[in-house]
Amino acid sequence: MPSLTIADRVNRVTPSMTLAISAKAKAMKAEGLDVCSFSAGEPDFDTPDHIKAAAKQALDQGKTRYGPAAGEPALRRAIAQKLQQDNDLCYGPENIIVTNGGKHSLYNLMMTLIGPGDEVIIPAPYWVSYPEMVTLAGGTPVIVPTDLAGGYKITPEQLRRHITPQTRLFILNSPSNPTGTVYSPEEIKALAEVVIEADIWVVSDEIYEKIRYDDVPHLSIGAIGPEAYQRTLLSNGFAKAYAMTGWRIGYLAGPVELIRAMNTLQSHSTSNVCTFAQYGAIAALEGPQDCIATMGHAFAQRRQVMLKAIHSIPGLSCATPQGAFYLYVDISALAVPSLDFCSQLLEEKYVATIPGVAFGAEGSIRLSYATDLETIERGLERLAAFVRSRS
Ligand SMILES: *Cc1c(COP(=O)(O)O)cnc(C)c1O
């Protein structure tokens, strides 16, 4: 056998810790252990029936062949219309590429836009894949810490301070995974001013756009004005809004030349996203939207139960998430590394959570409430007992 030397580009990155912990929790469950898992990064709902029906119909109609690498024209049109209607953004189908999920749209973007010497500004806590994608592309992630007191938001001053002549891109994720933070329109405007002044790109990851609470508004940074629009790349997908994680459909919107270059990359790597799945995505955009509200009500109810339970545990604190389906809980009062906390909690109490260190920040853990109320009640009792035993 030839020597198995793994290429440097892969050696430089670490496997996704969230996927690893979810897998361990699943394996423990399969062994028959009574695990309460708060590790999931996906809605626990099934894909709405009308979306499934559209994909089944596409299969029956023979939509089973290769399609254009950038996506079915009908889907690109539907996305353009969605961006106009929901986000006040003027894009044509030629400004849109359909990808294998939001993760893939961001990965292809990094591969297309970022190279050696380029710096990418990422506020922490961040989604686990951002820095690794930048590293895979040969660029340098520049991590900017944020904290509970500041609502886990990067300030315009912080952004300005981290911009250098090498800065190429700023990653903005609102609503945020893992913190649930939603930037207000005023805050988005203030960040846009820095982006315009420094003349850098911003990629807005809006995958949780549809999951918000207390009527907080969502503003796409590109909608602020022509100067912001010109510098904005928008990444979104179907996974979170429509409970379609396994379908693998996302998209990126931006200038035609960028989309063309991403299409070239895609045409030599994945080619088109599963053709009949794209017809499900069209139905998601063009069909009834009440599924979003139904799931949203369930998330809102669980959020209340989770918050109440966490606030009643001495030593733990957390901000009220305004979007997504995560509680980002501060455990710094317990003075224990987040990975140790999560490992022991899983081993002793069979409760799966994700350590903050996975998101580039110590002193916190992430609990997903994309799970049923009964699991939430049982799991949080165990968490309370675990914390009591430590303090
Ligand atoms: C889930 C998620 C994505 C994309 O997920 P896909 O399943 O690849 O569509 C992108 N960004 C964040 C922050 C996420 O949590």
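Starting from 1, each residue takes its place in the sequence as its number. Computed from heavy atoms alone, side chains included, the values below leave out hydrogens, waters and symmetry copies. Each ligand, and each atom within it, is numbered from 1 in the order the structure gives.
- For atom 7 (O) of ligand 1, the closest non-hydrogen atom of the protein is R248 NH1, 2.7 Å.
- Not a single heavy atom of E42 sits under 4.0 Å from any atom of ligand 1.
- At a threshold of 4.0 Å, the pair E374-R378 counts as salt-bridged, since one of the basic side-chain nitrogens sits closer than that to a carboxylate oxygen.
- When D205, N173, N236 are ranked by how near their heavy atoms come to atom 10 (C) of ligand 1, first place goes to D205.
- Geometrically, ligand 1 and H104 share no nitrogen or oxygen pair separated by less than 3.5 Å.
- Close contacts between ligand 1 and G101 involve ligand atoms 8 (O), 9 (O) [criterion: under 4.0 Å to a heavy atom].
- With hydrogens and angles disregarded, no donor-acceptor distance shorter than 3.5 Å links the side chain of S338 to the backbone of I365.
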* Asked: Going through the distances and angles, do E72 and Y279 end up as a side chain to side chain donor-acceptor pair (under 3.5 Å)?
  -> CA-CA 8 Å; E72 291 293 296; Y279 285 84; 2.7 Å; yes
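- For the pair D214 and R303, the salt-bridge criterion is met [side-chain N within less than 4.0 Å of a carboxylate O].
- A donor-acceptor distance shorter than 3.5 angstrom exists from the side chain of Q266 to the backbone of A69, with no hydrogens or angles considered.
- The aromatic rings of F325 and Y208 sit perpendicular to each other, their planes meeting at more than 60°, with 30° as the lower class boundary.
- Here is the list of ligand 1 atoms found below 4.0 Å of a heavy atom in A239: 7 (O), 9 (O).
- No N or O atom of Y130 sits closer than 3.5 Å to an N or O atom of ligand 1.
- For ligand 1, the atoms lying closer than 4.0 Å to a non-hydrogen atom of K103 are 4 (C), 6 (P), 8 (O).
- Taking any N or O of K240, backbone or side chain, at least one lies under 3.5 Å from an N or O belonging to ligand 1.
- For N100, no nitrogen or oxygen atom sits less than 3.5 Å from a nitrogen or oxygen atom of ligand 1, counting backbone and side chain alike.
- The aromatic rings of W127 and Y130 sit perpendicular, their planes meeting at an angle over 60°, well past the 30° parallel limit.
- Not close to ligand 1: G237, with no non-hydrogen atom less than 4.0 angstrom away.
- Residues E381 and K349 are not paired through a salt bridge, judged by the lack of any N-O separation under 4.0 Å between the basic side chain and the carboxylate.
- Of the protein's non-hydrogen atoms, the one nearest atom 9 (O) of ligand 1 is G102 N, 2.7 Å.
- Using a 4.0 angstrom heavy-atom cutoff, Y208 counts as in contact with ligand 1.
- A donor-acceptor contact shorter than 3.5 Å is absent between the side chain of N173 and the backbone of S176.
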